[in-house]
Amino acid sequence: MAHQWRGVINEYFDRLDIEKGSKVITLGEGGTPLVHAPALAKLVGAADVWLKVEGMNPTGSFKDRGMTMAVTKAVAHGAKAVICASTGNTSASAAAYAAAAGIKSVVLIPEGKITLGKLGQAIAHKAAILQVRGNFDDCLVLARDLSENYAVHLVNSVNPDRIEGQKTASFEVVEALGFAPDFHVMPVGNAGNYSAYFKGYLEEFNEGIIKAVPKMWGFQAEGSAPFVAGHPIENPETIATAIRIGNPASWDLALSAQDCSRGEFGAVSDTEILWMHRFLSNEVGVFVEPSSATGAAGLLKNSKLGKIPTDAKIVVTVTGHGLKDVGWALKDEQGNEVSPTSCSNSAAEVAELLGLEKN
Ligand code: AN7
């Protein structure tokens, strides 16, 4: 059989905190494409921009990189069930990896605030699902409490195994480019991913593989931007439900990553997020969920503020697949539902509807 990508644990075994002989629970995560995006580079006035397309992971988001580690270690420790709080993607991933491991998954989601695609995934992978009357932050408190007092293993990113697995994305970026970008940009919710990328880059730096760590730029939605406010937000609000998080779990790690990389946190409006969501699918050819466009939206904002040198080489992580949340794609710029025109099977009629010229 030709070589097949073996998932992040097998590909990076020597660089991960994992015991030899562990039974690896993998769905082939990682090895995602780094897509050159000249249209985005032109828009923001940078030399080069690449998208790290994390929607290409098995459950459609970057969470799978951390989940293979967290579930592999949970199984190694004899866990029979895992639990997480989630805005949707973590629960989809936890449920899939638990199914692959043959153990139970429990997911706590904020009532009415996760997309149907993600809920469908958790149901498909037979998670025990509870909708909590509260927001994500309430769900996380509950999940931590339950994991401390009952026989259920926590797989949120407060579990360091998650961060450890997610750092492999930085390794892949450096391998693909042969250098580290000047800036690495991404959406931020709990800031687990932001912290994980920094950890990965720092390890590459310490091993002499890269000359400098990229400046880490993390962006939040305006109504849900605790890192910009400098304190937790009690009632976070944004259409970007994946990052509707007011009290980030990785607060200290993220601040230290920001500091060490001379990076920054910023916020963008829901309108800016949706504009970039459309730009990425219309002009770049990459379909992401709205939350995932937050990093690129922030990049554009910083470009307007004159913060991007013309020779900058930039990587933007787009965290989750567009199919997770098709609702926004089905609306036009004015917010009206898009419905394709109905037609007969007559070529003449169809050509006329399409305005095709005869050759
Ligand atoms: C598409 O699934 O927190 O800053 O519970 O789904 O590491 O939290 C999701 C987060 C960005 C933010 N983009 O990552 C969850 C959850 C997408 C996401 C983030 C999430 P972190």
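These numbers come from a predicted model, not from an experiment. One-based numbering, in listed order, for ligands and for the atoms of each.
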(request) May I ask whether Ala191 places a heavy atom under 4.0 Å from ligand 1? (result) yes
(message) For the 3.5 Å polar cut-off, considering only N or O atoms, please tell me whether Gly189 and ligand 1 meet it.
(response) yes
(message) So does Lys73 get a backbone contact from the side chain of His77, meaning a donor-acceptor N/O pair under 3.5 Å?
(response) yes
(request) With heavy atoms under 4.0 Å as the rule, classify the contact between Lys63 and ligand 1 as side chain, backbone, both or neither. (result) side chain
(request) Considering the heavy atoms of Ser86, write down every atom of ligand 1 situated less than 4.0 Å from one of them. (result) 2 (O), 5 (O), 15 (C)
(request) Determine the sole option in Thr241, Asn89, Thr319, Thr115 for which the side-chain hydrogen bond (donor to acceptor under 3.5 Å, both in side chains) test with Glu289 is passed. (result) Asn89
(request) Using a 4.0 Å heavy-atom cut-off, say whether Lys324 meets ligand 1 through its side chain, its backbone, both or neither. (result) neither
(message) With the threshold set at under 4.0 angstrom, would you say Ser61 reaches ligand 1 through any of its heavy atoms?
(response) no
(message) Checking a contact table here: which protein heavy atom is nearest atom 8 (O) of ligand 1, and how many Å away?
(response) Asn190 N, 2.8 Å
(message) Salt bridge check, Lys167 against Glu203: does any charged N sit closer than 4.0 Å to a carboxylate O?
(response) yes
(request) Starting from atom 6 (O) of ligand 1, find the nearest protein heavy-atom neighbour and note its residue, name and distance. (result) Asn89 ND2, 2.7 Å
(message) Heavy atoms only, cut-off 4.0 Å: how does Asn156 contact ligand 1, side chain, backbone, both, or neither?
(response) neither
(message) One residue to check: Thr294. Relative to ligand 1, which of side chain, backbone, both or neither has a non-hydrogen atom less than 4.0 Å away?
(response) neither
(request) Would you kindly check if the NZ (Lys) or CZ (Arg) of Lys331 is within the cone defined by 45 degrees around the ring axis of Trp328 and under 6.0 Å from the six-membered ring centre? (result) yes
(request) Pick whichever of Phe219, Tyr197, Phe62, Tyr194 has a heavy atom sitting closest to atom 14 (O) of ligand 1. (result) Phe62
(message) I'd like to check which ligand 1 atoms, numbered from 1 as shown, lie under 4.0 Å from a non-hydrogen atom of Val188.
(response) 4 (O)
